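Remember, it's 1-based here, ligands and their atoms both numbered in the order they're listed. Keep in mind the model is a prediction, meaning the values are calculated, not measured.
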Amino acid sequence: MPPPPRPAAGQHWDPAAYAAHAAFVPALGAPVLELLAPQPGERILDLGCGDGVLTARLLASGAKVTGIDADPQLAAAARGRGIVVTEQDAHTPFGAEVFDAVFSNAALHWMRDPPTVLSNIAAALRPGGRLVAEQGGFGNVAAVVTALTAALEAGGHPPPDPFPWDFPSPRLLRRRLAAAGLETVQATLIPRPTALPTGMAGWLATFADPFLAGQDDAARAALRADTLRRLSALHDPEEGWIADYVRLRFVARRPH
Ligand code: BEZ
């Protein structure tokens, strides 16, 4: 019997809002694409392809690309860019198709059970195939998490349990990759202070559902306002809001 689908982290996605507030996510994923170096004709799976902005660049390289995303609206947006998308949760095996490479940008930190997802990735790769990915790493958005948690506690609300995001260290990631049967080629933590085009309010509106779900509109507004106040040190009068992103960029291989 297949395992039951893992519960999502309480996040809701709106492709229009994502494009307005979070276009920097695919834009800053360009170095991961370069690391992948897709070749014409290669079979590539984009895990957590989202609205397909970066996936379309993979397609333009001449690779045969399939996207996977669990969110129906984001999957539809990616299909609108001409991308073949399997709408499914990455905790469920991906099927019989075999890939030369699996690519993932800013998606793996949403996974509730990373070892299961890494096993599914390993099973989908041909022997010698590669996984090239970037996700939030150890310490990612620590100030934002601290402020959200403090705002919840001050309002008498419990913080989300389990913690909704996965930000592993390189050491933990290497252990997980090995357990999934993948060899780590490289795994690097990269601090990347990130300017937020629509400010921290836009970031919270786009990404903070796991902390704010279950509250009524008034409580959500109050929690967002309190979080912004607690994060004032991340606001520069000239540069605007800068989020304390830390990326974990890595390459792994399925042995021959
Ligand atoms: C990230 O890309 O690091 C991220 C985005 C949303 C929530 C948490 C982390």
N/O donor-acceptor pair under 3.5 Å between E87 side chain and A76 backbone: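 Not confirmed, E87 side chain does not pair with A76 backbone.
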
Calculate, to the nearest 0.5 Å, the distance between atoms [atom1] and [atom2] belonging to [X] and [Y] respectively.
X	Y	atom1	atom2	answer
F250	L189	CZ	CG	11.5 Å
R171	R176	CZ	CZ	14.5 Å
L59	R81	CG	CZ	12.0 Å
W241	T194	CH2	OG1	14.5 Å

Does ligand 1 have a heavy atom under 4.0 Å from the side chain of F211, from its backbone, from both, or from neither?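 Neither; no heavy atom under 4.0 Å.
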
Structural part of F24 in contact with ligand 1, heavy atom criterion under 4.0 angstrom: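 Contact part for F24 vs ligand 1: neither.
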
What's the verdict on side-chain hydrogen bond (donor to acceptor under 3.5 Å, both in side chains) for H91 and T116, showing C-alpha distance, side-chain angles and the deciding distance? CA-CA 6 Å; H91 294 85; T116 296; over 6 Å; no

With a cut-off of 4.0 Å, which atoms of ligand 1 are near a heavy atom of [X]?
X	value
Y245	1 (C), 2 (O), 3 (O)
F167	8 (C), 9 (C)
W203	6 (C), 7 (C)
W110	6 (C), 7 (C)

F103 versus N105: any side-chain heavy-atom pair under 4.5 Å?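 In short, these two side chains touch, coming nearer than 4.5 Å.
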
Got an N/O contact under 3.5 Å between N140 and ligand 1?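 Among all N and O atoms of N140, at least one is under 3.5 Å from an N or O of ligand 1.
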
With nothing but distance in play, are any N or O atoms of R247 less than 3.5 Å from an N or O of ligand 1?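 Indeed, backbone or side chain, R247 has an N or O that close.
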
In terms of residue, atom name and distance, what is the protein heavy atom nearest to atom 1 (C) of ligand 1?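 Going by distance alone, atom 1 (C) of ligand 1 is nearest to H109 CE1, 3.2 Å.
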
